[in-house]
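For reference, the structure is listed below as structure tokens.
Scope of the values below: all heavy atoms of this structure, side chains included, with no hydrogens, waters or symmetry mates. Here the structure is a predicted model, which is why all the values come from computation and not from measurement. In what follows, chains carry the letters A, B, and so on, assigned in the order in which the sequence lines appear, proteins first and then strands, with residues in each chain numbered from 1.
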Amino acid sequence: MTSREMTAKGGGIWHWLMQDTMDGLRRRRALLGYLFLLPTLLGIFVFTAGPVFISFGLSLFQWNIFKPPDYIGLENFERLLEDRRVIIGLVNTVKFTVMAVCSQVSIGLILALAVHRINRIWLRYYFRTAFFLPLLMSGASVAVFMGYIFHKEFGPLNYYLTLLGIPQIPWLTSSDLVMISIAIISAWRNMGFTFLIFLGGLSNLSQEVLDAADVDGAQGLRRLWSVTIPLLSPQILFATVTGVIGALQVFDEPYIMTRGGPGNASRTLVMVMYEHAFKHIEFGYGSAIAIVVFLMILVMAIVQMWLWRNRVFYQ
Amino acid sequence: MNRLRSGRTETTAFNHVILFLLAAFALGPVLVLFLNSVKTSEQIAQNPFSIPTEPRWDNYTVAYERGNYANTVKNSAILTGGTVIGVLIVGGMGGYALAHLEIRGANVIAFYFLVGTAIPIQLYVVPLFFLWKNFGLLNTHLGLIIIYCATSSPFATYLIRSYMVALPKEFIEAAKIDGASKFQVMTQVILPLSWPGFLTTGLIVGLGVWNEFLIAVTFMHQPDLKPVATSLRAFQERFTRDWGLTNAASVIMLLPVLILFLLMQRRFIEGLTQGGMKM
């Protein structure tokens, strides 16, 4: 292409863009729009999308910083299928996700239903504040002081249980209980979020439908099951999907409270990945595990997008 | 009618029992945290829920000093402030673009943002670490601020957008009729009117940065530049058995957030629920 053609073409684009018509105006606005979005789009590309692609590439190599990367094809993935720690990490993550999401969604729902019935405004305000409070704390500080609350010998929880005659329970030191304890702690922290979502949903419910249910004599649990909960299903779906995305990433709490122990009982998949990359300095293998986590989250994001587009979504 | 009413009081009583139990579940741990932050280890061991008779306020000064909080609070303030300013600029631009400039492919952008925010940092921390090392951004506040800005701006963009979309069209039309240019409409009508959106976004993003732990430990090894979350962690490792001190250290970190929350509760709640995406 000669320089003349280039200027002609450039002039063409310039003309196309600066046309004094509605189309030209629309084009200029769109261009400005994309320019305004550019930093955010670029940020995701550099920090998320790009590195994920790099991880895809890295997962095909054997690489620690001492030796140059060595292409090994799919060997990392073969190794992953037989790696006991990876499998345990996956099982723990799934166990945790199911327990944490079920409890935070159901507690949030119960709370919202109960608070919604309260008529006194100050009492509503009080409960809203109370349940929101845990969300303000960092995962790290929740982990530190929940480590104390759930401590076998010194924790207040066991202190009161012993007063009731129950022997000390090894909440964080028994491999059967540790994941349950971490799920309880996570539900404690997140129930305020699900609660607020359901409360918002409840206050938007159509009064007509509820009145119709009243006329039909739907009462109590019956009404809850066949009227209120179905009407809240968009919010329930939303809370579940965001909850799953969050739970698949659980890291701070087990990392700080138990370091994955006892044994491997609270080691999550993200922790295994992090340890391979930073403790064992096996970047290729760490990246292979990262891809597994990425795919799980991608599936959830697609579900969420689908919900969004079909408007079964909390707005 | 009578039957209906009696049923109602019964369920109301049941309702209150559930609520108070769950409120105890929510607040109990926080209460223990505050109570024990002014006790000695011996007093805590005797009865974790007791009201301290002689509050040991010393715990706070000791924790503040030993945890080197003077330094870490300052560092966290720099990180939080820098990130909030950056995110509000970037998110404000993006939010405006999505709300008021008709853009094709908004759905694709939404999906890209969604996946972008849903991916945990652990997945890309390795390549990013090397990138940062090459750029000389490791162990710098700027390096951390850039990461925080990038990870929170999709959320911020969508949150600010939702406020800008909800602005009454009449204001914008009126300004146009008065002969305001597009730039004037943006700077003098849309931006000032959407300040609640900016405030809410700033609070939520600030909360996230103040509390952030993993990125900070990975990208910051310089002791005197570390933020408050890492200081709490280091504190816990060194003084494992002194629960009074550890609790005081936790409260120090929580306090600024708590005060802001009590002052601007509505904004926090709006931000976390309306944003629709969790940080």
Side-chain angles (χ1 to χ4, degrees), chain A residues 26 29-30 32-33 36-37 39-40 43-44 46-48 51-52 54-55 107 110-111 114 117 127 129-134 136-141 144-145 148-149 154 156 159 193 196-197 200 242 245-246 249 251-252 256 270 273-274 277 283 286-287 290 293-294 297-298 301 304-305 314, chain B residues 12 15 18-19 22-23 25-27 29-30 32-33 45 48-49 90 93-94 96-97 101-104 109 111-112 114-116 118-120 122-124 126-128 147 149-151 153-154 157 207 211 213-214 229 232-233 236 243 246-247 250 253-254 257-258 261 265 269 272-273 276 278:
Chain A
R26 208 171 297 136
R29 291 185 116 198
L32 189 68
F36 275 6
L37 279 167
T40 310
I44 300 180
V46 174
F47 294 97
T48 314
V52 167
I54 295 175
S55 292
I107 295 177
I110 294 171
L111 278 178
R117 286 160 152 260
F127 281 118
T129 312
F131 299 127
F132 197 86
L133 208 58
L136 296 177
M137 304 186 70
S138 71
S141 89
V144 169
F145 93 90
Y148 159 68
I149 302 251
F154 311 108
Y159 174 87
F193 179 70
L196 286 170
I197 292 202
T242 40
I245 292 179
Q249 309 180 20
F251 184 84
D252 287 5
I256 292 175
V270 173
M273 189 245 121
Y274 190 77
F283 300 121
S287 301
V293 183
F294 171 73
I297 287 170
L298 189 69
Q304 186 162 358
M305 201 61 205
Y314 176 72
Chain B
T12 313
N15 211 21
I18 289 186
L19 272 178
L22 285 171
F25 175 57
L27 287 182
V30 184
V32 171
L33 178 75
F49 251 117
V90 170
M93 281 161 47
Y96 175 75
L101 305 166
E102 299 101 45
I103 281 182
R104 270 195 223 155
I109 292 174
F111 183 69
Y112 181 66
L114 186 66
V115 177
I119 291 173
Q122 291 91 341
L123 294 199
Y124 51 92
V126 175
L128 199 56
I147 301 178
C149 278
T151 49
S153 58
T157 303
L207 175 70
N211 285 339
F213 172 69
L214 182 72
L232 179 62
R233 168 92 183 107
Q236 181 230 9
W243 294 112
T246 316
N247 284 356
S250 296
M253 185 174 166
L254 178 64
V257 177
L258 192 64
F261 173 68
Q265 210 197 117
I269 290 174
L272 276 183
T273 49
K278 238 182 350 166

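Only the side chain of Tyr274(A) comes within less than 4.5 Å of a heavy atom of chain B; its backbone N, CA, C and O stay farther away. Heavy-atom distances place both the backbone and the side chain of Leu32(A) under 4.5 Å from chain B. Proximity to chain B (any heavy atom under 4.5 Å) is shown, for Leu136(A), by both the backbone and the side chain. With a threshold of 4.5 angstrom between heavy atoms, Phe127(A) approaches chain B through side-chain atoms but not through N, CA, C or O. Contact annotation for Ile149(A): only side-chain heavy atoms (C-beta onward) come within less than 4.5 Å of a heavy atom of chain B. For Met137(A), the parts lying near chain B are the backbone and the side chain together; criterion is any non-hydrogen pair under 4.5 Å. Only the side chain of Val32(B) comes within contact range of chain A, with at least one heavy atom under 4.5 Å from a heavy atom of that chain. Interface remark: Ile147(B) contributes backbone and side-chain atoms alike to the contact with chain A (heavy atom separation under 4.5 Å).
Closest of all the heavy-atom pairs between Ile44(A) and Pro154(B) is CD1-CG, 3.6 Å. The two residues Thr129(A) and Gln265(B) make their nearest non-hydrogen contact at OG1-NE2, 2.9 Å. Residue Phe145(A) comes nearest to Asn247(B) through the heavy atom pair CB-OD1, 4.2 Å, listed as atom of the first residue, atom of the second, then distance. Considering all non-hydrogen atoms of both residues, Asp252(A) and Gly139(A) come closest at OD2-CA, 3.9 Å.
For the pair Ser287(A) (side chain) and Ala290(A) (backbone), a donor-acceptor distance under 3.5 Å is absent.
Contact tally against chain A (heavy-atom pairs below 4.5 Å) for Ala26(B), Ala23(B), Ala150(B): the top residue is Ala26(B). Most heavy-atom pairs under 4.5 Å with chain B, from the set Pro156(A), Ala114(A), Ala301(A): that is Ala114(A). The candidate with the highest count of non-hydrogen atom pairs below 4.5 Å against chain A, out of Leu19(B), Val257(B), Val90(B), is Leu19(B). Ranked by heavy-atom pairs under 4.5 Å with chain A, the list Thr157(B), Leu27(B), Ile18(B) is led by Leu27(B).
You'll find the side chain of Thr242(A) stays beyond 4.5 Å of the side chain of Ile197(A), heavy atoms only. Residues Phe131(A) and Leu22(B) are in side-chain contact: their nearest non-hydrogen atoms beyond the backbone lie under 4.5 Å apart. Phe132(A) is not listed as a side-chain neighbour of Phe193(A), based on a closest heavy-atom distance of 4.5 Å or more.
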